Number of protein chains: 2
Amino acid sequence: MARAGLTPARIIAAAADLADTDGFENVSMSAVARLFEVKDASLYAHIRSLHELRSGVAALSLAELADQVGAALAGRAGRDALVAFANAYRTYALNHPGRYASTQMSLEPAVAEQSAAGRHAAMTRAILRGYALSEPDETDAVRLLHSTFHGFVLLERGGGFSRGTRSANASWDSALNALHFTLSHWPSS
Amino acid sequence: MARAGLTPARIIAAAADLADTDGFENVSMSAVARLFEVKDASLYAHIRSLHELRSGVAALSLAELADQVGAALAGRAGRDALVAFANAYRTYALNHPGRYASTQMSLEPAVAEQSAAGRHAAMTRAILRGYALSEPDETDAVRLLHSTFHGFVLLERGGGFSRGTRSANASWDSALNALHFTLSHWPSS
DNA sequence: TAATTCTACCTAGGGGTCCTAGTCAACCGT
DNA sequence: ACGGTTGACTAGGACCCCTAGGTAGAATTA
């Protein structure tokens, strides 16, 4: 009986890959076990439950997303920062659909989540520094940006933009234009 | 053996209620069968598969959503129409989380879907008539609106706006302000 | 090196889900 | 009243989650 060399990290990484190829909803203990050519029961020595496996994927994905967005953001400001942030966000979501889907699951306020989601919010606020908003406008703007990016990416991936001849890319650029314009002339009433 | 009086419509309606109370991901043949005090196998005389059941819920929900949004929109124009549309949309999503979640599932271009989603898009375009956009700006604006509403509602329901003291309602109104402003001064470059 | 402990993986099994096939009883039109 | 249709049943296969207990190889210690 050769050992497969399972560790929580490797199991979660494999599950994340599986999510991207087969969909997050198809991430199961059995499916991941098959990847390692191991019985599903064997995974329970490393990961307590399916829920923990999926939460692990979510935490991993949030961290990756924050990394990539952070890297894209480095050294930019104002409109440049907005566009870089948005494009990095969308690129990650489209390249890693399963990982991105995992970030939607409501994970209990775990420590790992706190850090990654916190970084995310901090970066969004960093963008807004170029637009000189004060509270509570800044919070409203953060939520508007996040909503728009999240919604766009989900609809795009779900095929919601397939009708018509206008490309999703063009509409995306247009949306960024609109957001930049709104942020530049924030109606603070 | 008394008959339970199952029909596709009643089964789908029950499934939709179950989605709202227990979550769309928990809509299963077994769970719906339990509601009718019937064995799960009995449902297959009326509904071919779990996928068909869920698609049915999605079609029902899309139709309901279109109805409510359409009713809210009646007789309004311009900013009024935008706000009415948006609030009806959000209200439906928050009051019927499971039904709303069902509308996210990618249903094959079924006939039923065509009609409801088509109505939805037509109504969004009706709003924009007050802003005098021409193609392709109108398509971009439709997508921006839909993305923002969809993203906001999902994040709100997922607890994404729990941090901080700013209420979701206030941020929502602020987002509508911003959208109205952007639509009024659409940067057509 | 040899003995002991540890642990990564195993088998066995209970309970849940989707779905098919085949059966029988209740309803309905004639 | 009767024959056909159909609505719900039981039985069962395939797959899933998860627990309990066993075993063999790795790690630690004597």
Side-chain angles (χ1 to χ4, degrees), chain A residues 1-60 98-99 101-102 104-108 110, chain B residues 1-60 98-99 101-102 104-108 110:
Chain A
M1 269 152 221
R3 302 212 165 183
L6 300 179
T7 69
R10 294 178 65 183
I11 292 171
I12 286 171
D17 291 343
L18 184 67
D20 282 339
T21 56
D22 288 20
F24 183 63
E25 74 281 4
N26 292 320
V27 169
S28 67
M29 289 302 223
S30 317
V32 173
R34 269 192 298 275
L35 290 182
F36 286 99
E37 292 179 321
V38 144
K39 301 296 169 188
D40 58 342
S42 304
L43 297 182
Y44 287 84
H46 308 274
I47 287 186
R48 248 195 283 277
S49 67
L50 175 62
H51 182 259
E52 186 170 303
L53 176 66
R54 288 179 160 160
S55 298
V57 173
L60 172 71
R99 282 171 157 88
S102 77
Q104 290 179 74
M105 69 174 281
S106 60
L107 38 160
E108 46 274 4
Chain B
M1 268 154 221
R3 302 213 168 181
L6 301 179
T7 69
R10 295 178 64 182
I11 292 171
I12 286 172
D17 291 343
L18 184 66
D20 282 339
T21 57
D22 287 21
F24 183 63
E25 74 282 3
N26 292 319
V27 170
S28 67
M29 290 302 226
S30 319
V32 173
R34 270 191 296 274
L35 290 181
F36 287 99
E37 291 178 323
V38 144
K39 301 295 172 188
D40 58 341
S42 305
L43 297 182
Y44 287 85
H46 308 274
I47 288 188
R48 246 195 285 277
S49 66
L50 174 62
H51 181 259
E52 186 171 303
L53 175 66
R54 289 179 159 161
S55 298
V57 174
L60 171 70
R99 281 171 158 89
S102 78
Q104 290 179 73
M105 70 173 281
S106 62
L107 38 159
E108 46 274 2

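The model shown is predicted, which means the values in this text are computed figures rather than measured ones. Proteins get letters first, then strands, A, B, ... in listed order; numbering begins at 1 in each.
Spacing between atom CZ of A:R34 and atom C1' of C:dC9 amounts to 18 Å, rounded to whole angstrom units. Atom CZ in B:F36 sits roughly 17 Å away from atom C1' in D:dC9 (whole-Å rounding). One can place OH of B:Y44 at 18 Å from P of C:dG22, the figure rounded to the nearest angstrom. Computed from coordinates, the A:I47 CD1 to D:dC17 C1' distance equals 14 Å when rounded to whole Å. With rounding to whole Å, A:D40 atom CG is found 11 Å from D:dT19 atom C1'. Atom C1' of nucleotide D:dC9 and atom CD of B:E37 are separated by 15 Å, given to the nearest angstrom. Spacing between atom CG of A:L53 and atom C1' of D:dC18 amounts to 14 Å, rounded to whole angstrom units. The distance from atom CG of B:D22 to atom P of C:dT17 is 12 Å, rounded to the nearest whole Å.
For A:L50, taking side-chain heavy atoms from C-beta onward, the closest of the listed nucleotides D:dC17, D:dA8, C:dC18 is D:dC17. Across D:dC17, D:dC9, C:dC19, the shortest atom-to-atom separation from the side chain of A:M29 is found for D:dC17. The B:K39 side chain lies nearest to D:dC9 when the options are C:dC9, D:dT19, D:dC9.
In plain terms, the two heavy atoms of B:R99 and B:L60 that are nearest each other are NH2-CD2, 4.4 Å.
OP1 and OP2 of D:dC15 both lie 4.0 Å or more from every side-chain N or O belonging to A:S28. Neither OP1 nor OP2 of C:dT7 sits under 4.0 Å from any side-chain N or O of A:H46. The side chain of B:S49 places no N or O atom within less than 4.0 Å of a non-bridging phosphate oxygen (OP1 or OP2) of C:dC18. The side chain of A:S42 places an N or O atom within less than 4.0 Å of a non-bridging phosphate oxygen (OP1 or OP2) of C:dC10. A sub-4.0 Å separation between OP1 or OP2 of C:dC19 and a side-chain N or O of B:H51 is absent.
The closest side-chain heavy-atom distance from A:M105 to B:E25 is not below 4.5 Å. Contact of the A:R48 side chain with the A:L53 side chain is not registered, since no non-hydrogen atoms from C-beta on lie closer than 4.5 Å. Between A:L18 and A:V57 there is no side-chain heavy-atom pair separated by less than 4.5 Å.
Counting any heavy atom pair closer than 4.0 Å across all strands shown, A:A31 reaches no nucleic acid atom.
Atom CD1 of A:I12 is separated from atom CD of A:E52 by 7.0 Å, given to the nearest 0.5 angstrom.
Comparing A:A41 and B:A41 by the nucleotide of DNA chain D whose heavy atom lies nearest to each, the residue mapping closer to the 5' end is B:A41.
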